[in-house]
Amino acid sequence: MQAWDQSLYGERGFYRQVAGPAGHFSTATQGMPQIGELLARALLELMNREGLDTFVDMGCGRGELLEQVHRLAPKVRCIGVEIVARPPLSSAIGWLQSPGGERLPDELDGLTDTLVFANEWLDVVPCPIAELDEDGELREVIVNASTGDERLGDPVSGTDRQWCQWFWPADHLEPGDRVEIGETRDTAWDDLVSRVGSGLAVAVDYGHTIDSRPAPGTLTGFRQGRQVLPVPDGSCDLTAHVAMDSLTHDELLDQRTALRQLGVNGQTPPHDLARSHPAAYLQRLSTASAATALTARGGLGDFLWAFTHSR
Ligand SMILES: C[S@@+](CC[C@H](N)C(=O)[O-])C[C@H]1O[C@@H](n2cnc3c(N)ncnc32)[C@H](O)[C@@H]1O
């Protein structure tokens with residue numbers, strides 16, 4: 001876990017690269033401007049319904065979604081939280097530099113009437129990985145940071161063991177199966193939520209719930225758009241799916257449902273509009289295809305949204 005943390009957030013960590021996440025993989029917020037814009041509109045709708053006036057993007061990459069929100073609603077106070085210094089952004093957008101991983105900056109606190117949105121943050125918060133050995137004992141997987149070679153270490157104990165018993169019980173595991181222990185993510189999430197005096201925190205990630213834990217483990221690497229071996233040497237992203245149901249939450253929805261409730265739908269515009277108002281037709285067609293991408297089965301639509309209110 002230390003190697004994972006160091007390779008992403010250390011002095012020469014992967015996420016300190018100038019290119020930022022967008023240089024290596026695309027997400028809902030930065031992959032295509034039309035998709036980011038539609039997501040921003042949905043988040044503004046959510047803020048409107050909840051009566052919120054501040055938008056905090058946790059783990060905001062290079063501020064791509066913040067720019068969208070700011071452009072659509074210049075009166076909304078926008079703040080980005082990232083491990084790098086502020087990139088060139090519209091001057092009204094605030095910025096807090098963070099240590100990274102499960103650690104948050106002290107200045108991120110006392111947020112009122114705020115939506116905190118964390119898109120694909122928790123999957124890059126390092127977590128211990130354990131494997132069931134031939135004797136049925138769950139042991140921590142230890143990784144050699146330069147080669148990626150693995151060996152099994154001590155049996156999982158303490159709060160990590162409790163977490164496994166509660167959220168990822170061993171009864172259905174076979175020797176060789178893996179458990180990605182979500183305790184660090186849960187704690188990081190609770191810490192983030194505790195910074196919100198009033199408002200809503202939403203974690204969005206690819207993940208699973210107790211009825212669909214992935215037996216072989218999901219740890220993987222990404223570099224320049226390609227999936228690569230997860231070697232913790234700072235050369236690639238290291239990510240593992242998130243046990244979303246173990247996060248403190250009021251509601252857990254898949255992205256398709258969450259966005260539909262916020263008015264996002266992939267309905268194509270009527271053909272007649274193409275003749276009467278070609279520009280409006282093209283605009284609505286582009287919105288419909290962005291909506292389809294955001295809600296697709298087997299794609300972004302399967303992401304999970306955990307909602308946690310603070311009052
Ligand atoms: C997978 S990327 C997602 C970026 C962006 N949210 C998006 O949707 O494209 C995760 C980002 O979280 C950032 N991150 C990780 N831990 C953080 C922390 N404790 N504070 C701020 N940013 C963090 C990383 O530096 C990285 O840019």
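No hydrogens, no waters, no symmetry mates; every other heavy atom, side chains included, goes into these values. In listed order, ligands and their atoms are each counted from 1.
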Assess the residue pair T218 and Y206 against the criterion (side-chain hydrogen bond (donor to acceptor under 3.5 Å, both in side chains)); give the C-alpha distance rounded to whole Å, side-chain angles, the decisive distance to 0.1 Å, and a yes or no. CA-CA 11 Å; T218 62; Y206 34 88; over 6 Å; no
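Salt bridge status for R311 with E50: absent, with no side-chain N to carboxylate O gap under 4.0 Å. R49 has a carboxylate O that lies under 4.0 Å from a charged side-chain N of E45, or vice versa, which qualifies the two as a salt bridge. A salt bridge does not link R297 to D302: none of the charged side-chain nitrogens sits closer than 4.0 Å to a carboxylate oxygen. The pair R103-D5 meets the salt-bridge criterion, with a side-chain N (NZ, NE, NH1 or NH2) lying under 4.0 Å from an Asp/Glu carboxylate O.
A side-chain donor-acceptor contact under 3.5 Å links E67 to the backbone of S90.
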Tabulate distances under 3.5 Å between N/O atoms of ligand 1 and N/O atoms of the protein, writing both atom names on each line.
residue	atom	partner	partner atom	Å
ligand 1	6 (N)	G59	O	2.6
ligand 1	6 (N)	N119	O	2.8
ligand 1	8 (O)	T27	OG1	3.2
ligand 1	8 (O)	T29	OG1	3.1
ligand 1	8 (O)	N119	ND2	2.8
ligand 1	9 (O)	T27	OG1	2.6
ligand 1	9 (O)	T29	OG1	3.0
ligand 1	16 (N)	G101	N	2.9
ligand 1	16 (N)	W121	NE1	3.1
ligand 1	19 (N)	S98	OG	3.4
ligand 1	19 (N)	G101	N	3.4
ligand 1	19 (N)	G101	O	2.9
ligand 1	19 (N)	R103	O	2.8
ligand 1	20 (N)	S98	OG	2.6
ligand 1	25 (O)	E82	OE1	2.9
ligand 1	25 (O)	E82	OE2	3.4
ligand 1	27 (O)	E82	OE2	2.4

